[in-house]
Amino acid sequence: MQTTQKRELSMRQISLFIGVTLIIMAIASGIAYGYLHPTIFQADSQSFSPERLQPTLTLLRFEILLWLVVIVTDIIVAWTLHLYMRQFHENLSLLAAWLRLLYTATLAMSIGYVLQISVSLESVVTQSNANLDALLPSIAAGEQAFSLVWGFGLIIFGLHLLVLAYVVLKVTTIHKVIGYLLLLAGVSYIIIHTLTLLGPDMTALASQLEGFLAVPMALGELSLALWFIFKKVSDLKVQPALNAA
């Protein structure tokens, strides 16, 4: 009896940890990519004018900090999701975890380009003889490299969501709607970012699809996070028939 109670408490702690970590990750990535990144890397390059350079550098440092939060929380989510999902399907749970870790590694690589931009801007601020105009092409190239590498990573993330969706749809304790939202989000990530990688001709179509699918893509993991936070312990139990699936 005590063993069962301890196990239920452990599962409840894991589920809360997954849910809260997913929410933190979503907020951090939303601010970093949804607000800070487009504010810093404006099309007219006015953020990198001499009079706005110091505020831009401050924002860039904050963006990098938020990306580091995303990396840490992604690693935590990959591991804790595996701890929970492995009771239903060990192999697919492990595959989903490795795909998420691979995506996280790709994200870390892409952030390296943003970090290089930050170092370059730091040199301009600290060296009065530094030529800001000469750095603008490398800044643009660095931002493009960031988008390219992270776009490839988001395809991997889409594959992670597809595997996770399959496992969720096999688990009757998690609402099927959440599984279908994860499935839709996974397919959307793969299609949109594959189109982006195909070249400029497909970028406009990818942007249109992203605007249309942005809410379903966000709802995938958000709905899963809320389920983990608010579900009762009894809903977290493994059903014997599912272990054999």
Would you say that [X] contacts [Y] through its side chain, given a criterion of any heavy-atom pair below 4.5 Å between the two side chains?
X	Y	value
Leu222	Leu181	no
Leu99	Leu95	yes
Val20	Phe228	no
Leu197	Ile155	yes

If you take all heavy atoms of [X] and [Y], which pair is closest and at what distance?
X	Y	answer
Gly179	Leu169	CA-CD2, 3.8 Å
Ile71	Leu107	CG1-CD2, 4.1 Å
Leu164	Met85	CD1-CE, 4.0 Å
Pro38	Tyr33	CD-O, 3.1 Å
Ala96	Val163	CB-CG1, 3.9 Å
Thr73	Val70	OG1-O, 3.0 Å

Report the distance from atom [atom1] of [X] to atom [atom2] of [Y], rounding to the nearest 0.5 Å.
X	Y	atom1	atom2	result
Leu148	Glu143	CG	CD	11.0 Å
Leu16	Thr21	CG	OG1	10.0 Å
Arg61	Leu66	CZ	CG	14.5 Å
Leu60	Leu115	CG	CG	8.5 Å
Leu219	Leu224	CG	CG	12.0 Å
Ile156	Leu101	CD1	CG	11.5 Å

Check against side chain to side chain contact (heavy atoms under 4.5 Å, CB included), Met25 and Glu221: CA-CA 10 Å; Met25 183 209 62; Glu221 282 204 316; 3.4 Å; yes
Partners meeting side chain to side chain donor-acceptor pair (under 3.5 Å) with Glu63 (sequence neighbours left out): His37, Trp67
Side chain to side chain donor-acceptor pair (under 3.5 Å) partners of Ser93, counting only residues at least two apart: His82
Check against side chain to side chain contact (heavy atoms under 4.5 Å, CB included), Val168 and Phe88: CA-CA 9 Å; Val168 168; Phe88 302 107; over 6 Å; no
Please say yes or no: joined through hydrophobic side-chain contacts below 4.5 Å, possibly via intermediate residues, are [X] and [Y] part of one cluster?
X	Y	answer
Ile178	Leu184	no
Phe41	Leu65	yes
Val215	Tyr35	yes
Trp79	Ile76	no
Ile190	Val187	yes

Given Tyr189, Tyr103, Tyr166, the one that forms side-chain contact (heavy atoms from CB on, under 4.5 Å) with Leu161: Tyr189
Expected output: side-chain Gln87 to main-chain Tyr84 donor-acceptor under 3.5 Å: yes
Donor-acceptor under 3.5 Å (Thr194 side chain, Ile191 main chain): no
CA sep, side-chain torsions, deciding dist, call: Ile174, Val167, side chain to side chain contact (heavy atoms under 4.5 Å, CB included): CA-CA 10 Å; Ile174 298 180; Val167 178; over 6 Å; no
Val77 and Arg100: CA distance, side-chain angles, deciding distance, side chain to side chain contact (heavy atoms under 4.5 Å, CB included) verdict: CA-CA 9 Å; Val77 167; Arg100 191 169 194 123; 3.7 Å; yes
Distance-only polar pair, side chains of Glu122 and Ser118, donor-acceptor under 3.5 Å: no
Stepwise ring pair (Phe, Tyr, Trp, His ring centres under 6.0 Å) test for Phe146 and Tyr113: CA-CA 6 Å; Phe146 162 81; Tyr113 294 104; 8.3 Å; no
